[in-house]
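All ligand and atom numbering here is 1-based and tracks the order in the structure. Start at 1 with the first residue, then count along the sequence.
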Amino acid sequence: MGSSSGEGEPLASSNSGYDWDAFDSEAYLDHYYREPHPDDVDLARRTAAAIAAAPPAGAALDIIDVGTGPNLFPWLCALPRARSLTAWEYSRQNVDWLREELAGDELRPLWRYYWDVVSPGHVPDENPVAAIAAIARVEQASIFDLPKAQWDLATMFFCAESITRSEAEFASACRALAEAVRPGGTLVAAFLDQSRGYVVADRPFPALPVDADAIRAAFHPYVGDISVEPIGGSEAETHSGYTGSLFMVARTR
Ligand SMILES: C[S@@+](CC[C@H](N)C(=O)[O-])C[C@H]1O[C@@H](n2cnc3c(N)ncnc32)[C@H](O)[C@@H]1O
């Protein structure tokens, strides 16, 4: 992925420079998630384990996922601990996609696969989407407008670094995520490792290249414990803009 739109125009730096309502949800899903990728399976397992271990032990939690996109696996991982589930997503297309997915009777084979991964021992004919829909709300809103201290736990997959090329916007997105969670709450997130952008249905979208130090620096003022670990990693892109990811778990101050 280069840094121009292909017509010689430089890509916008800012989140507001992209038409997020034109994000093609099914094309994105098809490109990134049609086949379960080993890195995503690893990510789902780690996410489910981090959520299961989140304090206070055993309590039901108010959980938000930010920049959800056309992806149900954050909710599949969160369901066993959730009192409420919120998706905070900016794109009209992705919001419509999420609402339709929640209204459907059938679980796509892809989500069945991830449900089996993150929830071993569940009753085989149980449909987690109905359970998710019963406690979920989908908000069309920006990460930069998150209210403070409303949730016990926040997840965020490939959002803060994948919606902008601006370091300042990345930092404020990370701050907004951390401040949305009550003190002593949990953040679980994944970031593209050193990505420069990605393409969805021929439309370029931005990314800020980040590494583990940049993630620690962005969250440092707002968290006590933080761990950032690599997942996967290859020389070449396996998917548009993806060569590996960085998995973060942190506890808010
Ligand atoms: C790379 S996609 C990640 C989607 C999904 N979380 C995943 O794991 O595949 C980035 C997502 O961030 C959303 N987004 C873009 N700008 C945003 C903003 N200002 N606030 C919240 N979400 C935003 C996009 O619509 C898109 O769903």
Shortest protein heavy-atom distance from atom 23 (C) of ligand 1, along with the residue and atom involved: Tyr90 CB, 3.5 Å
Spatial distance of atom NE2 (His239) from atom CD (Glu35) [nearest 0.5 Å]: 9.0 Å
Atom 14 (N) of ligand 1 - nearest protein heavy atom and its distance: Ile163 CG2, 3.6 Å
Residues which pass side chain to side chain contact (heavy atoms under 4.5 Å, CB included) with Ala82, listed by chain and number, not counting sequence neighbours: Ile63, Leu85, Ile135
Ring centers of Phe205, Phe23 separated by less than 6.0 Å: yes
Nearest non-hydrogen protein atom, atom 5 (C) of ligand 1: Thr68 O, 3.1 Å
Parallel, tilted or perpendicular: ring planes of Phe73 versus Phe157, cut at 30 and 60 degrees: tilted
Donor-acceptor side-chain pairing of Gln93 and Trp20 below 3.5 angstrom: no
Per-residue contact class, Asn94 against ligand 1 - non-hydrogen pairs under 4.0 Å: side chain
Donor on one side chain, acceptor on other, Thr164 and Asn15, under 3.5 Å: no
Closest approach of any protein heavy atom to atom 27 (O) of ligand 1, naming residue and atom: Glu89 OE1, 2.7 Å
Backbone or side-chain N or O of Ile143 under 3.5 Å from ligand 1 N or O: yes
Heavy-atom gap Asn15 to ligand 1 smaller than 4.0 Å: yes
Structural part of Phe157 in contact with ligand 1, heavy atom criterion under 4.0 angstrom: both
Side chain, backbone, both or neither: the part of Tyr28 lying under 4.0 Å from ligand 1 by heavy atom: side chain
Residue of the set Arg137, Arg83, Arg81 for which salt bridge (charged side-chain N to carboxylate O under 4.0 Å, His left out) holds with Asp62: Arg83
Tyr33, portion touching ligand 1 at heavy-atom distance under 4.0 Å: side chain
Asp65 and ligand 1 - part of the residue with a heavy-atom distance under 4.0 Å: neither
Nearest neighbour of atom 3 (C) of ligand 1 from the list Tyr242, Phe158, Phe144, on a heavy-atom basis: Phe158
Ligand 1 versus Tyr198: contacting region, heavy-atom distance under 4.0 Å: side chain
Residue Asn71 vicinity, atoms of ligand 1 by number, heavy atom under 4.0 Å: 7 (C), 8 (O), 9 (O)
For atom 6 (N) of ligand 1, closest protein heavy-atom neighbour: Gly67 O, 2.7 Å
side-chain hydrogen bond (donor to acceptor under 3.5 Å, both in side chains) contacts touching residues 220-233 (sequence neighbours left out): Arg46-Glu229
Donor-acceptor pair, side chain of Tyr114 and main chain of Pro74, under 3.5 angstrom: no
Modelled atom types, side-chain donor and acceptor of Trp88 and Gln140, under 3.5 Å: no
